[in-house]
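Shown next, in structure tokens, is the structure this report addresses.
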Amino acid sequence: MIDDFFSEAVYLGVFISLGSYFLGMYIKKRLKLAIFNPLLLAIVFTIVFLLAARMPYAVYYQGAKYISYLLTPATVCLAIPLYEQIEPLKGNLKAIAAGIFTGVLTSLACVLLLALLFGFDHQEYVTLLPKSITTAIGMGVSEELGGHVAVTVAVIIITGIMGNMLAEPVCRLFRITEPVAKGIAIGSASHAIGTTKAMEMGQLEGAMSSLSIALSGILTVFAAMLFSRFL
């Protein structure tokens with residue numbers, strides 16, 4: 001009876017996902033601690049609900065998949081704050097280009113180093129290469145290189161959540177105060193999820209992070225092909 005209800009409730013996955021996220025936002029607003037990231041809490045709440053209700057993931061995903069359709073257009077919409085901050089972009093063009101290039105190179109080099117350190121095989125290695133770019137692009141890169149796409153998605157989400165949680169503490173630790181530098185660093189390291197934190201920090205930070213998402217994604221597509229040959 002319950003299984004039939006879950007199967008026939010087409011948008012149940014959407015309500016579970018959104019309800020978990022709004023609950024996470026409420027907890028974050030009340031406790032005001034970085035560790036209580038709304039997306040992280042939403043993942044935990046959703047898992048707990050599925051286990052408690054004994055609801056198969058395939059049934060949940062039948063409804064939840066509609067949210068994923070919004071991922072690409074939501075990423076494209078990040079161009080709006082960039083357009084609003086076009087003048088700082090023009091004035092810091094060389095520094096921005098250098099920052100994005102360095103961010104992409106550092107991300108890929110760290111994955112290569114960890115893969116060598118822990119003895120990953122080629123498939124495991126290429127699965128992690130797109131960890132710092134947006135999911136829409138990272139899935140395609142992982143699939144093209146022969147990685148585990150599902151694991152890539154999980155790693156990308158974890159990377160984004162960690163970037164969202166640690167962005168401000170890291171900037172304070174290394175005394176990074178320049179808004180452009182903050183935005184480029186956050187966007188190139190933790191894609192769209194990190195960019196939400198950059199937008200909270202300021203309009204310029206958000207705009208630069210949005211730019212970094214797009215350019216880092218494009219650059220990683222080509223750079224990952226090269227790095228995939230190293231192992």
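Every heavy atom of this structure was used, including side-chain atoms; hydrogens, water molecules and symmetry mates were not.
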On a heavy-atom basis, the closest approach of Leu128 and Phe120 is CD1-CE1, 3.5 Å

Show every donor-acceptor pair shorter than 3.5 Å between a side-chain atom in residues 169-192 and any protein atom, with sequence neighbours excluded, or say none if there are none.
residue : atom : partner : partner atom : Å
Glu178  : OE2  : Val180  : N            : 3.3
Ser188  : OG   : Ile184  : O            : 2.8
Ser188  : OG   : Ala185  : O            : 3.3
Ser190  : OG   : Ile186  : O            : 2.9
His191  : NE2  : Ile156  : O            : 2.7

Taken to the nearest 0.5 Å, the spacing of Ile100 CD1 from Leu105 CG works out to 13.5 Å

Taking every heavy atom of Thr195 against every heavy atom of Ser210, the minimum-distance pair comes out as CG2-OG, 3.9 Å

Can you give me every donor-acceptor pair (side chain of residues 136-151, partner residue at least two apart or in another chain, under 3.5 Å) with its distance?
residue : atom : partner : partner atom : Å
Ser142  : OG   : Thr152  : OG1          : 2.7
His148  : NE2  : Gln123  : OE1          : 3.3

### Within-4.5 Å side-chain heavy-atom neighbours: Thr106 and Thr102
yes

For Ser107 and Lys131, the nearest pair of non-hydrogen atoms, with its separation, is OG-NZ, 3.4 Å

Check: Asn164 and Thr196 side chains under 4.5 Å, non-hydrogen atoms: yes

The ring-ring contact (aromatic ring centres under 6.0 Å, His included) partners of Tyr60 (sequence neighbours excluded) come to Tyr57

dist Leu211:CG -> Leu215:CG (nearest 0.5 Å) comes out at 4.5 Å

Between the OH atom in Tyr61 and the OG atom in Ser17, the distance rounded to the nearest 0.5 Å is 11.0 Å

Those residues at least two apart in sequence (or on a different chain) that pass side-chain hydrogen bond (donor to acceptor under 3.5 Å, both in side chains) with Glu124 are none

When rounded to the nearest 0.5 Å, the distance separating CE of Met201 from OG of Ser209 is 9.5 Å

Contacts of Phe230 meeting ring-ring contact (aromatic ring centres under 6.0 Å, His included) (sequence neighbours excluded), chain-then-number -> Phe227

When rounded to the nearest 0.5 Å, the distance separating CD1 of Ile161 from CG of Leu166 is 11.5 Å

All heavy atoms of Ile133 vs all of Ser216, minimum pair found to be CG2-O, 3.8 Å

Tested for side chain to side chain contact (heavy atoms under 4.5 Å, CB included) against Leu231, the lone hit among Leu129, Leu116, Val126, Asp121 is Leu116

For this session: Could you walk me through whether Thr159 and Val155 pass side-chain contact (heavy atoms from CB on, under 4.5 Å), step by step?
Result: CA-CA 6 Å; Thr159 301; Val155 171; 4.0 Å; yes

When every non-hydrogen atom of Gly24 is compared with those of Phe45, the smallest separation belongs to N-CE1, 4.1 Å

Only distances under 3.5 Å count here; give the side-chain donor-acceptor pairs of residues 25-33 to other protein atoms, sequence neighbours excluded, each with its distance to 0.1 Å.
residue : atom : partner : partner atom : Å
Tyr26   : OH   : Arg30   : NH1          : 2.7

d(Thr127 OG1, His122 NE2) to nearest 0.5 Å is 9.0 Å

Report task. Evaluate the side-chain proximity of Ile157 to Ile43: yes if any heavy-atom separation is below 4.5 Å, no if none is. Result -> yes

*asked:* Do Leu113 and Val104 sit in one hydrophobic cluster, given that two such residues count as connected whenever their side-chain heavy atoms are within less than 4.5 Å of each other, even indirectly?
replied: no

Q: Report yes if some heavy atom in the side chain of Leu39 is under 4.5 Å from a heavy atom in the side chain of Ile193; otherwise report no.
A: yes

Checklist line | Single-linkage hydrophobic cluster Val48~Leu51, side-chain heavy atoms < 4.5 angstrom | finding: no

Same cluster (ILVMFWY, side-chain, under 4.5 Å), Leu50 and Val44: no

Nearest heavy-atom approach of Glu205 to Ala198 is CB-O, 3.4 Å

